[in-house]
Amino acid sequence: MASEQEKMLAGELYDPLDPNLVQARDRARDLCQELNATREIEHEARRRILKELFGSGGDSVWMQPPFFCDYGSNILLGERVFFNFNCVVLDVCQVKIGDFTLLGPAVQIYTATHPMKAALRRKQEFGKPVEIGPDVWVGGGAIICPGVKIGSKTVIGAGSVVTRDIPDEVFAAGNPCRVIRGITE
């Protein structure tokens, strides 16, 4: 029988109050609190925390605290990903972010979602993974919803709510986010 963590990562219904999941969230929140308390000059402390927090990419990520996440270990970063101030990543499923991607201030990435039926929502939740390609720029205040894939070299306008997949090399914006035009050199 699958553990609650295995069910969570597979996008199946799971119990978020499972003691192992609670412990893993506590770990991530303690690391986020420690990160958010660092000063700008404390480069080595930040790097140590980021390497411990993220599943991969903590050795090259550029982070402007504060930052918040559920688990951290489900966040897989490419080379030199940038998070500006106040980003939130609810990583109950994997969040993959490609090389050289820039996330503006207050960007929120959600993999967590809930059943529509209230009785089921009281005990279980589920998630859908998010994937953001390399060389993407996500403008400030954008929200990336569960299950979304954003193609490489795409720009997402500030304040957009991304509810469906966005292809490579386009500018997309709005609520809901939609392709505005292609990006040409």
- Task: Check the hydrophobic clustering (I, L, V, M, F, W, Y; side-chain heavy atoms under 4.5 Å; chains of links allowed) and say if V92 and I143 are grouped together.
- Result: no
- Query: Considering the options T101, V170, D135, V136, which one meets the side-chain contact (heavy atoms from CB on, under 4.5 Å) requirement together with K153?
  - Reply: D135
- Item | Any V138 side-chain heavy atom under 4.5 Å of I144 side chain | yes
- Just one of D91, I150, T111 clears the side-chain contact (heavy atoms from CB on, under 4.5 Å) bar with V130, so which one? T111
- Message: Quick check against the 3.5 Å criterion: does R181 have a side-chain atom that pairs as donor or acceptor with the backbone of F171?
- Response: no
- Message: Just so I know, are the side chains of P66 and N86 near enough to count as touching, which here means a heavy-atom distance under 4.5 Å?
- Response: yes
- Task: State, yes or no, whether a side-chain contact exists between I156 and W137 at a heavy-atom distance under 4.5 Å.
- Result: no
- Message: Would you compute the distance between atom CE of M63 and atom CG of L103 and round it to the nearest 0.5 angstrom?
- Response: 9.0 Å
- So if you build clusters from Ile, Leu, Val, Met, Phe, Trp, Tyr with side-chain heavy-atom gaps below 4.5 Å, do I180 and V155 land together? yes
- Message: What I want to check is whether the side chains of E125 and Y14 have a donor and an acceptor closer together than 3.5 Å.
- Response: yes
- Can you find a pair of side-chain heavy atoms, one from M8 and one from L21, that are under 4.5 Å apart? yes
- Task: Would you check if there is a donor-acceptor pair between the side chains of T38 and R46 at a distance under 3.5 Å?
- Result: yes
- Pairwise side-chain contact, K128 with C93, heavy-atom cut-off 4.5 Å (strictly under): no
- Message: Do N20 and S3 make a side-chain contact, defined as non-hydrogen atoms from C-beta onward lying under 4.5 Å apart?
- Response: no
- Item | Heavy-atom closest contact (S160 atom, A173 atom, distance) | OG-CA, 3.1 Å
- Query: Between F54 and F67, is the gap from one ring center to the other below 6.0 Å?
  - Reply: yes
- Task: Determine yes or no for a side-chain-to-main-chain donor-acceptor pair under 3.5 angstrom, with R80 supplying the side chain and F100 the backbone.
- Result: no
- Item | R47 side chain vs V61 backbone, donor-acceptor pair below 3.5 Å | yes
- Message: Under a 3.5 Å distance rule, please check whether E42 uses its side chain to pair with a backbone N or O of R39 as donor and acceptor.
- Response: yes
- Short question: side chain of R29, backbone of F68 - any donor-acceptor pair under 3.5 Å? no
- Query: What distance do K7 atom NZ and D18 atom CG have between them, rounded to the nearest 0.5 Å?
  - Reply: 8.5 Å
- Following the transitive rule for hydrophobic clusters with a side-chain heavy-atom cut-off under 4.5 Å over Ile, Leu, Val, Met, Phe, Trp and Tyr, establish whether V95 and L31 coincide in one cluster. yes
- About how many Å separate CD1 of I132 and OG1 of T154, when rounded to the nearest 0.5 Å? 10.5 Å
- Cluster question for you: counting only ILVMFWY and a side-chain heavy-atom cut-off of under 4.5 Å, with indirect links fine, are I75 and V148 together? yes
- Message: Counting C-beta onward and ignoring hydrogens, is there a side-chain heavy-atom pair between C145 and V162 closer than 4.5 Å?
- Response: no
- Approximate separation, where rounding is to 0.5 Å, of N36 CG and F85 CZ: 11.5 Å
- Say whether V81 and L35 are linked into one hydrophobic cluster, either directly or through other cluster members, by side-chain heavy-atom distances under 4.5 angstrom. yes
- Query: Is there side-chain contact between L120 and L13, with heavy atoms separated by less than 4.5 Å?
  - Reply: yes
- Note on the structure: d(E52 CD, R27 CZ) to nearest 0.5 Å is 5.5 Å
- Evaluate whether atom CD of Q64 has more than 12 neighbouring non-hydrogen atoms of other residues, nucleotides or ligands under 6.0 angstrom away. yes
- Task: Check step by step if side chain to side chain contact (heavy atoms under 4.5 Å, CB included) holds for L102 and F83.
- Result: CA-CA 6 Å; L102 309 173; F83 286 90; over 6 Å; no
- One should read off an interatomic distance between C69 SG and N74 CG, to the nearest 0.5 angstrom, of 9.0 Å
- Query: Any donor and acceptor pair, going by atom type alone, linking the side chain of D168 with main-chain N or O of S152 inside 3.5 Å?
  - Reply: yes
- Is Q5 atom CD crowded by more than 12 heavy atoms from other residues, nucleotides or ligands, each under 6.0 Å away? no
